[in-house]
Each structure stands twice: as C-alpha cells, then as structure tokens.
Amino acid sequence: MVNPIAVAIVVIVLRLSYKALKPPPPKLCGSLGGPPLTSPRVKLSDGRHLAYREFGVPKLEARYKIIVIHGFHSSKDINLPLSQELVEDLGIYFLFFDRAGYGESDPHPSRSVKSEAFDIQELADKLQIGHKFYVIGISMGAYAVWSCLKYIPQRLCGAALVVPFVSYWWPSFPANLSREALQMLPKPDQWTFRVAHYASWLFYWWMTQKWFPSLTFGNIETLSTDDLEIIKSFPQGLNTGQEKITQQGEHESLHRDIVCGFGEWEFGPTDILNPFPNKEGSVHIWQGYEDRIIPYTLNRFISHKLPWIHYHELSDGGHMFIFKKKQLESIITELLLS
C-alpha cells in the first residue's frame with residue numbers, strides 16, 4: 001500500500017512546480033481590472049492592438065518617415081533628444097510604437113522574430129504613412145530591424161541598428177566567436193540567455209526564482225562611464241511613463257522579448273541580401289566600443305561579412321549614446337542623407 005504521506009508530498013511538489021512554471025495571465029489594457037487606455041491604438045488583422053505615438057511634421061507633409069523601435073524595458077515614450085529644428089528642416093515624421101506586450105500594446109503569445117516585421121508593416125499600413133519608410137531599432141529593438149530586412153525589404157527606404165541586439169546562437173556565426181562574445185557578459189546574464197535559448201519553458205521560473213541571480217541589465221556595474229554621465233543628465237528618466245512599460249505583466253513584455261530574441265532564428269544576419277543593390281537606400285550599424293551590454297565583436301563580424309552595411313563604431317561610446325543630441329542627429333542624418 002502506497003504511503004499516503006508520500007503521495008501527498010508528491011502532489012504538493014507537483015502543484016508548486018506547476019505554479020512556479022506557469023506565468024500569470026496578462027493584465028490587458030482596457031479590460032476589467034486592467035490598466036486604462038491612454039494612447040491611440042490600431043487594431044491588427046489578428047485582433048491585437050498596437051499603441052503608437054506620432055512626432056514631427058504631419059505625415060502628409062513629411063519628406064521622410066521613420067518608425068522607431070524601442071529596446072528592452074522601454075516603450076514608445078522613449079525620451080530621445082530630438083531637435084525640433086532638425087525635424088522641421090528635414091521634414092521628418094516619426095512613428096513610435098509599443099512592441100507586443102509592452103506599454104499599451106496587446107501581448108502576442110506566438111510572438112517571433114518574424115512577427116515583429118509584420119507588426120511594423122501592418123502598423124504602417126493602418127496609419128497610411130506610405131508604402132516605404134525608414135526604421136531605427138535601438139538595442140533589443142534592433143532584432144525587429146533584422147526581421148524587416150529579411151521579410152519586408154521592399155517596404156524600406158533605409159535602416160539603422162543602434163547598439164543592436166546580438167544572439168549568441170545565430171546560424172552561420174563561428175561558434176568560437178559567439179562563445180567568446182557570450183563570455184564577455186556577467187555570469188548571470190550568460191545563464192539567463194542560455195535558459196531562454198535552450199529551455200524557454202523554464203524561463204518564467206528562472207526570472208522569478210530567488211536562488212540564483214538572473215539578469216544584471218541596467219545595473220551600475222553593466223554601464224560604461226559615458227552611460228552613467230548620460231543617465232545623470234536625464235533626472236526624469238530615459239523613458240516617460242516608466243511605470244507603464246510592464247503594466248500588463250513582466251512575462252508578456254520583458255520575458256517574451258528575451259525568449260523571442262535568443263530563441264531559434266530562421267536566418268542569421270549574414271544570410272540577408274543587400275536590400276539596396278542600386279544604392280537607393282542604406283543600412284547602418286552604430287556600436288559603442290565601451291558597450292558592456294552588447295559586445296562589439298559580433299556586430300564587427302556582421303559588418304565585415306556584409307560590406308554594404310555602413311558600420312560606425314564609437315571608441316568611447318557605451319550603450320546609451322543615442323540619448324546624446326549630437327549622436328542622435330548624426331544617426332538620423334547619416335540614415336536619411338548618406
């Protein structure tokens with residue numbers, strides 16, 4: 001006869017394990033008990049909504065239209081030091097949006113690298129900004145730019161990847177180079193990205209457990225001297241409405257973002273063909289040599305393999321140089337006028 005106490009212990013362990021592995025349901029914006037809706041949104045063909053913010057000259061008068069893709073733990077309300085004079089002189093319309101699960105955009109349970117590109121395409125179509133547009137992806141948001149270059153290159157006038165995300169499991173990358181780049185990161189980050197890649201079903205538990213450190217991103221130790229100076233110059237924070245970023249649940253925003261980026265890709269960046277063979281547009285990578293969050297080695301490798309990409313490496317740049325007015329204007333003018 002099975003010991004009832006043993007059975008009870010097994011049942012309790014299984015119940016606790018299930019609870020630890022299963023993320024809570026999202027708190028959808030506009031739902032009963034969920035966060036309020038405060039931003040304009042468009043409804044996509046699959047029923048989800050994307051929240052957006054427009055800035056610059058009216059889109060019907062704009063010479064250039066740029067979609068800005070925010071990074072990890074950020075949103076459409078990112079505080080970029082955009083010069084009104086530059087915006088008006090060049091005639092730029094900016095479209096910012098919350099990526100799936102962030103801010104006021106609905107979560108996407110089947111989110112993937114590929115779905116990011118088609119979210120951007122449908123957002124552009126719903127808002128009727130025109131058949132072609134530019135994209136700027138910041139940090140984690142840069143994997144959406146790689147997706148656009150792969151899946152919707154015909155919609156692009158140009159692209160800029162700023163301190164762009166790298167995956168240590170990209171196809172066609174030398175294993176030793178990826179391994180060395182991963183080992184440049186703090187140990188907790190290495191393990192976090194390994195769990196996201198090899199055992200995504202464990203990721204919610206990994207990010208909520210208290211036994212081992214999981215992610216150091218944003219800690220003082222991971223920032224360069226230049227990054228720290230930039231943060232001091234933004235006492236109000238780098239993102240307006242900071243509390244809204246993960247209001248629908250950290251799993252739907254932060255966790256899915258990491259799992260999506262570090263999961264299996266259908267392609268590697270070096271597999272992408274030049275979207276502008278006749279030089280009717282350009283692609284740029286902006287990388288900080290002192291960036292302690294994104295190792296420069298993999299982005300250097302990409303630029304060597306794809307000579308049609310314009311590679312800009314800032315010798316004293318960290319991860320946040322886009323928040324400097326001079327650097328931001330250089331990124332925009334190089335993208336639009338090069």
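- Ion pairing between a basic and an acidic side chain is recognised when a charged N comes within 4.0 Å of a carboxylate O; E329 and K326 show no such pairing.
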With side-chain hydrogen bond (donor to acceptor under 3.5 Å, both in side chains) as the test, would you mind laying out the steps for Y296 and E313 before giving the verdict? CA-CA 8 Å; Y296 64 86; E313 186 171 289; over 6 Å; no
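- In this structure, the side chains of P164 and Q287 come closer than 4.5 Å at one or more pairs of heavy atoms.
- In plain terms, the two heavy atoms of C260 and S112 that are nearest each other are SG-C, 3.2 Å.
- Checking side-chain atoms of S253 against main-chain N and O of G249 turns up a donor-acceptor pair under 3.5 Å.
- Judged purely by atom type and a 3.5 angstrom limit, R292 uses its side chain to pair as donor or acceptor with the backbone of L223.
- Closest approach of R48 to P107, counting heavy atoms only: CD-O, 3.2 Å.
- Between F165 and W265, the ring planes lie parallel to each other; the angle is under 30°, not in the 30° to 60° tilted range.
- No side-chain heavy atom of I322 sits less than 4.5 Å from a side-chain heavy atom of P81.
- In this structure a side-chain-to-backbone donor-acceptor pair under 3.5 Å is present from Q209 to F212.
- Here the options are V135, V162, V283, the test is side chain to side chain contact (heavy atoms under 4.5 Å, CB included), and the partner is V145; only V135 passes.
- Of the charged side-chain nitrogens involved, none lies within less than 4.0 Å of a carboxylate oxygen, so that D89 and R63 do not count as a salt-bridged pair.
- In this structure the side chain of D226 never reaches within 4.5 angstrom of the side chain of L314, judged on heavy atoms.
- Residues F97 and V68 form no side-chain contact, since every pair of their non-hydrogen atoms from C-beta on lies 4.5 Å or further apart.
- For N278 (side chain) and E280 (main-chain N/O), no donor-acceptor pair under 3.5 Å exists by modelled atom type.
- Between W206 and F203, a ring centre-to-centre spacing not shorter than 6.0 Å is recorded.
- Not one N or O on the side chain of S115 forms a donor-acceptor pair closer than 3.5 Å with the backbone of R111.
- Looking only at side-chain heavy atoms (C-beta outward), T270 and F301 come within less than 4.5 Å of each other.
- Counting only N and O atoms by type, the side chains of S139 and H319 include a donor and acceptor under 3.5 Å apart.
- Atom CZ of F234 sits in a crowded spot, with more than 12 heavy atoms from other residues, nucleotides or ligands closer than 6.0 Å.
- Under the 4.5 Å side-chain heavy-atom criterion for Ile, Leu, Val, Met, Phe, Trp and Tyr, L37 and I245 are members of distinct hydrophobic clusters.
- Contact check for V166 versus Y143: no side-chain heavy atoms found under the 4.5 Å cut-off.
- A distance of 5.0 Å separates CG in L215 from CD1 in I258, rounded to the nearest 0.5 Å.
- If you chain together hydrophobic residues whose side chains sit under 4.5 Å apart, L50 and L28 never meet in one group.
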The test is side-chain hydrogen bond (donor to acceptor under 3.5 Å, both in side chains); show your working for Q84 and E88 and say whether it passes. CA-CA 6 Å; Q84 191 67 36; E88 292 178 358; 3.1 Å; yes
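- Atom CG of D106 sits about 10.0 Å away from atom NZ of K43, to the nearest 0.5 Å.
- Using the six-membered ring where Trp is involved, H312 and H284 have ring planes that are parallel, under 30° apart on the 30 and 60° scheme.
- One distance of note links CG of L90 with CG of L337; it measures 5.5 Å at 0.5 Å rounding.
- Contact annotation: the side chain of P171 never approaches that of F267 to less than 4.5 Å [non-hydrogen atoms, C-beta and beyond].
- In terms of modelled atom types and a separation under 3.5 Å, the side chain of N239 and the main chain of Q242 share no donor-acceptor contact.
- Between the K59 side chain and the L127 main chain, a donor and an acceptor come within less than 3.5 Å of each other.
- Considering every non-hydrogen atom in both F323 and N79, the closest pair reads CD2-O, 3.6 Å.
- The CD1 atom of I138 sits 8.0 Å away from the CD1 atom of I331 when rounded to the nearest 0.5 Å.
- In this structure, S330 and W286 approach most closely via the heavy-atom pair O-CZ2, 3.9 Å.
- Of the possible polar contacts, none joining the S200 side chain to the V259 backbone as a donor-acceptor pair under 3.5 Å is found.
- Ring orientation note: the planes of Y102 and H70 are nearly perpendicular, at an angle over 60° on the 30°/60° scale.
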Walk me through whether W146 and I272 qualify under side chain to side chain contact (heavy atoms under 4.5 Å, CB included). CA-CA 8 Å; W146 289 125; I272 295 174; 3.6 Å; yes
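- R99 contributes atom CZ, which lies 7.0 Å from atom CE of M140 (distance to the nearest 0.5 angstrom).
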Determine whether Y151 and F118 satisfy the following criterion, side chain to side chain contact (heavy atoms under 4.5 Å, CB included), listing intermediate values before the conclusion. CA-CA 8 Å; Y151 296 112; F118 290 105; 4.0 Å; yes
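- Listed for the Q248 side chain is a donor-acceptor partner under 3.5 Å among the backbone atoms of G103.
- Side-chain contact check for Y64 versus I332: every heavy-atom pair is 4.5 Å or farther apart.
- Using a 3.5 Å distance cut-off with no hydrogens or angles, the side chains of H197 and S167 do not pair a donor with an acceptor.
- With hydrogens and angles ignored, the 3.5 Å screen pairs a side-chain donor or acceptor of D189 with a backbone N or O of T216.
- One finds the CD1 atom of I285 at 4.5 Å from the CD1 atom of I309 (value rounded to the nearest 0.5 Å).
- Each of K244, E104, R53 was checked for a side chain to side chain donor-acceptor pair (under 3.5 Å) with S39, and the lone residue meeting it is E104.
- For the residue pair S282 and L335, the shortest heavy atom distance occurs at OG-O, 3.8 Å.
- Not less than 6.0 angstrom separates the ring centroid of F96 from the ring centroid of Y52.
- A 6.0 Å sphere centred on CH2 of W169 holds more than 12 heavy atoms belonging to other residues, nucleotides or ligands.
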